[in-house]
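Working notes, structure below.
We count ligands from 1, going down the list as the structure has it; atoms in each ligand are counted the same way.
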Amino acid sequence: MKKDLITVEDLNAKEIMDILRLAKKLKKRPLLKNKVFKDKTLALLFQKPSNRTRISFEVAMVHLGGYVLYLSPREIKMGTREPVKDVARVVSRYVDGIVARVFSHEDVKDLAKYSDVPVINGLSDLVHPCQALSDIFTVLEKKKTFKNVTVAYVGDGNNVLNSLLLACAKVGINMKVAVPEGYRPEKDILNKAEKIAKKKKASIEIFGDPHKAVKGSDIVYTDVWVSMGQEEEREKRLQDFRAFQVNEELMKSAGSGAMIMHCLPAHRGEEVTDVIDGKNSIIYDQAENRMHVQKAILLRMLAK
Ligand code: CP
Ligand code: NVA
């Protein structure tokens, strides 16, 4: 049976560790001698813009000897030109896998439901699983272990945080989250992550004060305050998140060894300052790792 990756929950801890191990090997040797994906085609069905997700998947497929079709919002017009289920049924007759970036999480779920080939979620309004899996790979690369590692997330309880909570819980990374009132992560996801973390003897703590959250953390992670699709809320959000900027003062509270992560794109002057250009920032390694981890995901999901 085909397997989809719609949320981090679709993978158990063993499968996640297997992907991370494979990604480590692939990072050392990005070009496989044997072009295992010769004649395989991946469709990137994107309703929103992208730099990292699009390029890292495209290059990963090239390295594997496969072919990519990038379908921008103008081509397919999923949900308006034709229903999601017809798009899924038709596209999956042509290609071996689909990566979808959508506004509504329901759409990527429907794509997976009606598609005969694996569907990978390349970001929805609810979650961003490929980002989170790459992020824990980066944490492991930098800290060499998940044990007693704490990631503090400061800012919006959005798609990136939802997936990060699940991924960190699955591998036993502690999380401290600082969000303004009204911007907490999705309730069901938080509950699930808390249950998973408990089994792994890891903790998830929610704070209102970012300084308290980052204290003693190994990594400080942030993301934009206005996600794609939330542009109309921009002015209100800029006000509501003012005290949640990752800047020098906040990094002093974290301690001198704390590293900075950001899924990018970053808005310097909003959620972050030029601290992300400093020596403690690992944002570009984090971005690079998208490619290695997604290559491992493709190998595990499309190889049959
Ligand atoms: N982090 C991330 O997904 O970047 P893009 O939106 O550029 O793909
Ligand atoms: N939260 C952001 C992530 C972009 C990679 C968004 O959804 O726009």
Side-chain angles (χ1 to χ4, degrees), residues 5-8 23 42-61 68 70-73 98-108 120-139 151 153-167 177-180 182-186 189 219 221-234 236-238 240-241 244-246 260-268 270-272 276 281-295 297-298:
L5 174 54
I6 304 304
T7 158
V8 170
L42 180 71
L44 301 184
L45 226 158
F46 278 30
Q47 291 182 328
K48 296 172 175 174
S50 168
N51 169 357
R52 282 144 290 272
T53 309
R54 176 187 173 179
I55 300 178
S56 54
F57 268 113
E58 285 212 24
V59 177
M61 273 306 271
V68 178
Y70 172 67
L71 302 162
S72 80
I98 299 171
V99 178
R101 169 165 283 203
V102 298
F103 283 98
S104 161
H105 187 71
E106 288 307 308
D107 283 353
V108 72
I120 298 170
N121 184 355
L123 181 146
S124 68
D125 57 353
L126 185 66
V127 288
H128 196 2
C130 297
Q131 181 69 55
L133 294 167
S134 312
D135 292 342
I136 58 170
F137 176 84
T138 306
V139 172
V151 174
Y153 178 98
V154 177
D156 187 17
N158 61 14
N159 46 6
V160 167
L161 175 60
N162 287 334
S163 286
L164 193 64
L165 279 164
L166 289 166
V177 175
V179 285
Y183 294 97
R184 284 184 153 231
E186 210 269 338
I189 292 185
I219 288 159
Y221 193 128
T222 190
D223 181 23
V224 290
W225 291 341
V226 186
S227 283
M228 292 179 278
Q230 297 174 333
E231 291 76 10
E232 280 178 13
E233 300 168 30
R234 182 173 165 79
K236 176 169 167 37
R237 283 176 164 268
L238 293 191
D240 293 348
F241 285 105
F244 290 78
Q245 187 184 62
V246 174
I260 302 175
M261 290 179 77
H262 192 309
C263 62
L264 303 178
H267 295 156
R268 289 169 180 78
E270 292 183 16
E271 78 279 2
V272 78
I276 51 165
S281 169
I282 54 171
I283 57 171
Y284 302 118
D285 292 332
Q286 185 186 354
E288 180 193 324
N289 287 337
R290 294 288 303 277
M291 184 177 72
H292 307 301
V293 171
Q294 287 160 195
K295 198 187 281 175
I297 292 171
L298 289 171

Between [X] (side chain) and [Y] (backbone), is there a donor-acceptor pair under 3.5 Å?
X: Asp223; Y: Val160; result: no
X: Gln230; Y: Ser227; result: yes
X: Arg101; Y: Gly122; result: yes

Using 0.5 Å steps for rounding, measure from the CG atom of Asp240 to the OH atom of Tyr183.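 One gets 3.5 Å once the value is rounded to the nearest 0.5 Å.
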
From Leu123 CG over to His105 NE2, what is the distance, rounded to the nearest 0.5 angstrom?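 Between Leu123 CG and His105 NE2, I get 11.0 Å after rounding to 0.5 Å.
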
Output the set of protein residues with a heavy-atom contact under 4.0 Å to ligand 1, ordered first by chain identifier and then by residue number.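 For ligand 1, the residues that come within the 4.0 Å heavy-atom cutoff are Ser50, Asn51, Arg52, Thr53, Arg101, His128, Gln131, Cys263, Leu264, Arg290.
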
Salt-bridged, Arg234 to Glu270, with N to O below 4.0 Å?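 Salt bridge present between Arg234 and Glu270.
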
In order of chain and number, which residues sit within 4.0 Å of ligand 2 by heavy atom?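 Answer by chain and number: Leu123, Asn158, Asn159, Val160, Asp223, Val224, Ser227, Met228, Leu264.
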
Just checking Glu232: does its CD atom have more than 12 heavy atoms from other residues, nucleotides or ligands closer to it than 6.0 angstrom?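 Counting other residues, nucleotides and ligands, CD of Glu232 stays at 12 neighbours or fewer.
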
Using the six-membered ring of Tyr70, assess whether NZ or CZ of Arg54 lies under 6.0 Å from its centre and within 45 degrees of the ring axis.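 Flagged: Arg54 positioned over aromatic ring of Tyr70.
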
Minimum heavy-atom separation for Leu298 and Ala60, please, with both atom names.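 Between these two residues, the closest heavy atoms are CD1-CB, 4.2 Å.
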
